[in-house]
Amino acid sequence: MKIRAWAWWAASWRASRAMRKLLVERHLRHMAGFRVGWLWNMSRDHAMPLLNPDELDADGDPQWRWANAPATSLPEALAAGDAAALAAVEAHRASGEPFADPWNEGTYQSDPAHFLMHTIVHDSHHRGQVMSLLRQGGRTPEQMDTLDAHWAIWRE
C-alpha cells in the first residue's frame, strides 16, 4: 500500500510541476502580449513591428509575432514590446497628441506615460504570481535571487 501511495504522490508531484511550468510560461506570454494588445488599440503604427501581417487572427487583425513561438523567445518578445511601448509614449508626448481612445474611456488621455505605469503595475502583479509558482516548484531563495536581474525595472 505504501508503494502505491508513493507512486501516486510522485506522479502528482510531476504533474503539478509540469502545470507550474506551463503556468509560468502563460504568465510571461500574457505579460508580453499585453503590450501589443494595448498598442494595437491606441497607436497602431507602434504595434506593427510586433505583428505578423501575413497571419491574421479570428477578427482579421494581424497576429502577434510571438503568438505561437517557443517559450525561449519570450525575453525577445518582452524586450520588443517594451521598446514599442516606450517609442509610442515618447512619440505621443512629443507631438502632444493623446493616444487613440476607441472605446471613449479616456485611455491615458492626461499623459501617455500612464501607459508605462499601467504596464509596470500589470507586470508586477504577474511577477508576483510567477515568483510564487517558482517557489512552490521548489526553487531555493538562492535560485530566486539569480532571477533578480530579470526584474531590474522594479529596482530603478
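This is a predicted model, so every value here is computed, not measured. Numbers for residues simply follow the sequence, beginning at 1.
Listed by first and then second residue, the side chain to side chain donor-acceptor pair (under 3.5 Å) pairs involving residues 61-75 amount to none (not counting sequence neighbours). Within the structure, side chain to side chain donor-acceptor pair (under 3.5 Å) pairs that include any residue of residues 89-108 comprise Ser43-His92, Arg93-Asp111, Asp101-Thr107, Tyr108-His118 (at least two apart or interchain).
Note that the CD atom of Gln129 and the CG atom of Leu23 stand 9.5 Å from one another [nearest 0.5 Å]. Taking CZ from Arg127 and CD1 from Ile120, the interatomic distance works out to 12.5 Å, rounded to the nearest 0.5 Å.
With contacts defined as side-chain heavy-atom distances shorter than 4.5 Å, the pair Asn52/Pro62 does not qualify. Side-chain contact between Asp123 and Arg35 is present, with at least one heavy-atom pair separated by less than 4.5 Å. Looking only at side-chain heavy atoms (C-beta outward), Met42 and Pro98 stay at 4.5 Å or farther from each other. A heavy-atom distance below 4.5 Å is not found between the side chains of Leu28 and His126.
Of all non-hydrogen atoms in Gln143 and Gly138, the two that sit nearest each other are OE1-O, 4.1 Å. Residue Pro49 comes nearest to Asp45 through the heavy atom pair CD-O, 3.6 Å, listed as atom of the first residue, atom of the second, then distance. Residues Arg29 and Pro70 share a closest heavy-atom pair of NH2-C, 3.9 Å.
Between His125 and His27, the ring centre distance reaches or exceeds 6.0 Å.
A distance-only check finds a donor-acceptor pair linking the side chain of Thr119 to the backbone of Phe115 [under 3.5 Å].
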Item to complete: Start with the C-alpha distance between His122 and His30, add both sets of side-chain angles, then the distance that settles side-chain contact (heavy atoms from CB on, under 4.5 Å), and finish with yes or no.
Response: CA-CA 10 Å; His122 176 264; His30 169 74; 2.8 Å; yes
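The side-chain tip of Arg44 points at the ring of Trp40 from less than 6.0 angstrom away and within 45° of straight on.
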